[in-house]
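Worksheet for the structure shown next.
Both counts, for ligands and for their atoms, begin at 1 and track the order of listing.
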Amino acid sequence: MDDSWQQGDWDGLRERAVQVMQRAYAPYSRYKVGAAARADDGRVVVGCNVENAAYGVVLCAECGVVSQLHATGGGRLTHFVCVNSEGEIIMPCGRCRQLLFEHGGRDLLVWTVSGVRPMSEVLPDAFGPDDLAHVADTAAEGPQ
Ligand code: THU
């Protein structure tokens with residue numbers, strides 16, 4: 001875990017989230033979200049929510065972050081923040097906590113409504129890739 005980050009670094013990341021929030025496509029909920037994350041090579045990746053006339057097809061801002069992570073070279077997420085249209089910190093939804101866990105693991109630092117916390121607290125006892133690897137031989141056989 002990189003704990004050398006200062007509040008100023010977090011503020012810069014939050015500002016990136018605020019900027020991309022303004023690009024959100026949220027004509028149905030009118031609830032714009034922006035998200036920004038630092039990758040382990042230092043680059044910043046961002047995303048905004050993109051809604052759909054078929055409401056359930058919505059892409060959360062976190063989906064954009066993870067897509068940009070891989071589209072720009074891969075790696076792991078180390079720091080994450082997301083905001084609403086007021087620039088206020090919000091919590092990633094349950095589905096997106098799972099998404100973030102996959103790409104940052106237990107040590108991903110998340111700026112939450114109760115301060116900076118690791119994913120191990122934001123999504124305790126998370127199911128993840130290790131669970132699949134634990135029974136990899138069985139899983140590889142496919143459904144019985
Ligand atoms: N939303 C996100 O983008 N991320 C979250 O973690 C919470 C919810 C979006 C989805 C939808 O477009 C809007 O916020 C209202 O739920």
Mutual orientation of the aromatic rings belonging to His70 and His103 [parallel < 30°, tilted 30-60°, perpendicular > 60°]:
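Answer is perpendicular, since the angle exceeds 60°.
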May I ask you to identify the nearest protein heavy atom to [atom], giving residue, atom name and distance to one decimal place in Å?
atom                   : answer
atom 9 (C) of ligand 1 : Asn49 ND2, 3.6 Å
atom 4 (N) of ligand 1 : Glu62 OE1, 2.9 Å
atom 8 (C) of ligand 1 : Cys60 SG, 4.1 Å
atom 3 (O) of ligand 1 : Ala61 N, 2.9 Å

Cluster check Val46, Ile90: I/L/V/M/F/W/Y, side chain < 4.5 angstrom:
no
Counting distance only, does the side-chain N/O of [X] pair as donor-acceptor with the main-chain N or O of [Y] below 3.5 Å?
X     : Y      : result
Asn49 : Tyr31  : yes
Gln98 : Phe127 : yes
Asn84 : Gly87  : yes
Arg97 : Val122 : yes

If you measure from each non-hydrogen atom of Ser29 to ligand 1, which part falls under 4.0 Å: side chain, backbone, both or neither?
side chain
Can you list the atoms of ligand 1 that are under 4.0 Å from a heavy atom of Glu51?
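Numbered from 1, ligand 1 contributes 11 (C), 12 (O), 13 (C).
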Output the list of atoms in ligand 1 that are nearer than 4.0 Å to some heavy atom of Pro92, sorted by atom number.
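Reading through ligand 1 atom by atom, the close ones are 6 (O).
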Nearest heavy atom to atom 10 (C) of ligand 1 wins, so pick from Val58, Leu99, Val33.
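Going through Val58, Leu99, Val33 one by one, Val58 has the nearest heavy atom to atom 10 (C) of ligand 1.
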Counting heavy atoms only, which of Cys93, Gly34, Gly47 comes nearest to atom 7 (C) of ligand 1?
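Answer by nearest heavy atom: Cys93.
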Would you say the side chain of Ile89 lies within less than 4.5 Å of the side chain of Arg14, judging by non-hydrogen atoms?
yes
Do protein heavy atoms approach atom 16 (O) of ligand 1 to less than 4.0 Å?
no
